[in-house]
Structures are given as structure tokens and as C-alpha cells.
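Written out below as C-alpha cells is the structure these notes cover.
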Amino acid sequence: MDNETEKRRIVLQIVYIFIFAAAAMGDMPAFTMGIARMMKGISLLIVVIGATMLFVSGDLRRVRTGANFVFVYAFILVGIIVWSIFLWIINLETVDFIIRGATKFMYQFMVLMIIFAGTYIFGERAIYTTFYGLALANTIMLVMNVGIYGPVESFNSILAMFQGTDAQTGFSRAMEIHDITFTYGFFIIYFLFFAQHTKERVFDIIVSVFYFILGWKRIALAALPVTIFFALVMGRMQTKTRVRLMHFLAWVLVAAAFTYVVITRVGLFEALTQRYDIDTMGRNEVYRYIEKYYRISLGFLGYGFEYTTVILQRISAANPEAHIGVLALHNDILTIYIELGFVGFWAWMLYTWIFQLRWMLNHWGEKVAMLFFFCELYVFITYMTDNTLYYFYTSLVLRLMPMAYAFHETTEQDIRLWPWVRAQKGFKTG
């Protein structure tokens, strides 16, 4: 690579980082949801840059790699849209509700365009540029909030949060950037187990851990150690054993998700949380209000995408005393079941865990499949108590990870933690 080409590459990375940071700034709690959505549109400039480079360079190899992933990711989204349209029609839903659901899905297709453009421009390096963009936005928010609350008050707010002596208030509350905070879990997994051994990697781990903890999302703080545990255990297995375990755990998680829906519906979840004095922050009350809207039955068709929001709105309107703080279920597993129904729920689960894992293994090799598996495991745990499934940046980084890693080129700086994990393509599972 000559000096001129290297300079252009660096300039492009800087531009990408600032575009992404500008878009991510919309997630500051001070902004309304409408402003946050509009600012996400800034990230489409990355698509424009990618399209320009495609027109100039025309690298079809990168296009094929990216297009394969985009097709697999988009297939399930299209399936959900088609099934939802069918349910909207038979349930005679209003146009306003349909438009709202379609608008939310538009952002998921924006995600696919952005990661396609990012990986086309940078390959695996798109992981780093995305990380730096989000970290830059988080740093700007940090500086602004320290200026608002003052250094001493900011420190005391964080200390109170860590000690559990008070709810998140003041500075710590302002730094609870929901969507962006969840993405650092993916980056920590990548930097620990898949990134190359460089000083940059050490810096990236420190930054990602700092902002991950500062964001203080309790379910993420629980999900990441579980994922790291499995990563460490599986890293010491033989290849066949590791692949079999991934397949086995995938089926276990599919079954566990359905079991979770069942125990929530029959009230066992509430009984367990009460017995062990677990603060569900009002979730048990919400689950009681919505239980009449679904049943555990093969004949339960669901209501279509975004309908849980409608259910909660109707409950709030009919019962002003209902303990519903926000109009979101904060349980993506249950949300999927209510919106897609029995068959739709199983189709989503099997496609996500069984088909995609096997596709990654067969087409892109064991390392790509492992990165996919660990990222999915981490975010899947967060689905139990949060609505991270359609978060813009969370879903973007989740899909970016294996897609960008498919462009990985082996060098002497490759990670040594798992030297026995082969990176060749075309790995066959059996």
C-alpha cells in the first residue's frame, strides 16, 4: 500500500468515525425520540461514501461477501414483515399503526445498508471505525455531563451507583445511554478473543470496559460474564467438541426461550422473583396486565410487529392506575411470541440460532461462527429483561461483527489465545 493510498484510507476512517459519532449523539437522554431518529439518518452518509467507492473501485469480491450476509440478515426481517402484514389485515388494524411498524423496520434496513457500506470500505476494520465513532459520541456526552453536574457531583453519583446506595440519578443517570452501552459488550468479546495483539487492542478494551460499566445496564453486566465464561471454556476444546457444543447450546437456548414464555404466562416467573426478592422494576405488574392477550397454543397467531406497544397503550388508557412506566414490554422474548404467535416465534428462534449458526460454519469458517455465537448469546440474555432486539446501534454492531470478521486476513499479529481455532473457510460440520 503506497503512502497516498494509506492517507486516503486514514481520511476515510476519520470521516466515518465523525459521521457515526454525530449520528450517535442523538441518543443523549436530553433529546426527544424524534430528534434521535432524525440524527440516525446522518449515518446514511456512510452509505453514500460506500456507493461512491463501489462505483470507482468495483471490487466484486467484497460485494459478494457483504451481499451474502445482508441477504441472510434481511430474509428474517422480510419474513416478519410479510407475516405482520397478514396479521394486520386479518385483525383490521389502523393505517397509523401499520405505518409506525413499517417505519421502525425501515431503520433495520438502514442498519443493513450501513454495515454493507462499512465492510465494503474497510473490511474487518469497520469494527474499529464503528467502535471509535460510538466511543467518541460517548466521550462527548461524558464531557458535557461533567460540565453540567460538576466533577465532584459526577464522581459521587457514580460512587453511589456502584455502592447500590441510591438509584441512578444526576450524572450516572445521564450516562445511561441505553443503546450504545449494550454495543460495548460485543466489542469486548471481539477485542478479547478475536482482535489482533496490538497496543491499539489494549486501549480499545480499556475504553469499551469503561463505558460498558459506566452505562450500568444490569442485564448486560450479567450477560457478558456468562458469555466470556463460555468463550474461555469452549476455547480449550477440540474443534469437533466445540462445534457440537455450539449446536447443542443453540437448541437449548431455543427451548429455554419458549420455556421462559411459558413460565411467564403461568405466573411462575413472578413467583420466583418474589420468593428470591428480585426487583423486577414493575415488570411483573405489566406481565399480569398483558397475560389475557396471549395463550400458549399452536393456534395462537400473534398480532403483528409492534402490537405490544398498542396493548400497553390500551391498558394505560383503560386503567390510569396501571403500573406501566413506559410503553414497552422490556422482554423481547415475550414480545416476539405475542407479536409473531406460536409458529412465528419458533420460526424466528430456529432461523436465528440453528440456521444462521450452521450457515456461518459452512460458509465462513469456525472463527466467524464463534464470533456470531458469542455475540448472539450475549444479546440473547439481554432479551429477557430489555427490548434490545430492535435497538439501532445494538442490532447494527451485532450484525456487523461476523460480517466484518469474514474479511479477516491472517497475519503474524493474530490472537494467540485460541491458536487451535482454525480460520479457514468451508469448514464442514459433519
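In this chain, residues are counted from 1 in sequence order.
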Anything under 30° is parallel, anything over 60° is perpendicular, the rest tilted; go ahead and classify W346 against F258.
tilted
What class does the angle between the rings of F305 and Y390 fall in, given that below 30° is parallel, 30 to 60° is tilted and above 60° is perpendicular? perpendicular
Tell me if the aromatic rings of Y337 and F345 count as close, with their centers under 6.0 Å from one another. yes
Quiz item: Between the side chains of T382 and T388, does any donor sit under 3.5 Å from an acceptor?
Solution: yes
Check your understanding: Quick check, are the ring centers of Y128 and F122 under 6.0 angstrom apart?
Key -> no
Is M144 atom CE crowded by more than 12 heavy atoms from other residues, nucleotides or ligands, each under 6.0 Å away? no
### Query
Between F20 and Y16, does the ring centre distance come in under 6.0 Å?
yes
Between I89 and the options L87, N91, I85, the side chain to side chain contact (heavy atoms under 4.5 Å, CB included) test singles out I85
- Message: Is it true that, when you exclude R265 itself, more than 12 heavy atoms of the residues, nucleotides or ligands shown sit nearer than 6.0 Å to its CZ?
- Response: yes
Notebook entry, point to check: Is there a donor in the side chain of Q13 and an acceptor in the side chain of R125, or the other way round, less than 3.5 Å apart?
Noted result: yes
Here the pair of heavy atoms bringing L357 nearest to M246 is CD2-O, 3.7 Å
inquiry  = Can you see whether F69 has R399 sitting over its ring - NZ or CZ less than 6.0 Å from the centre and within 45° of the normal?
reply    = no
Check: Would one find more than 12 heavy atoms of other residues, nucleotides or ligands at under 6.0 Å from atom OH of Y293?
Finding: yes
Exceeds 12 heavy-atom contacts within 6.0 angstrom, atom CZ of R244: no
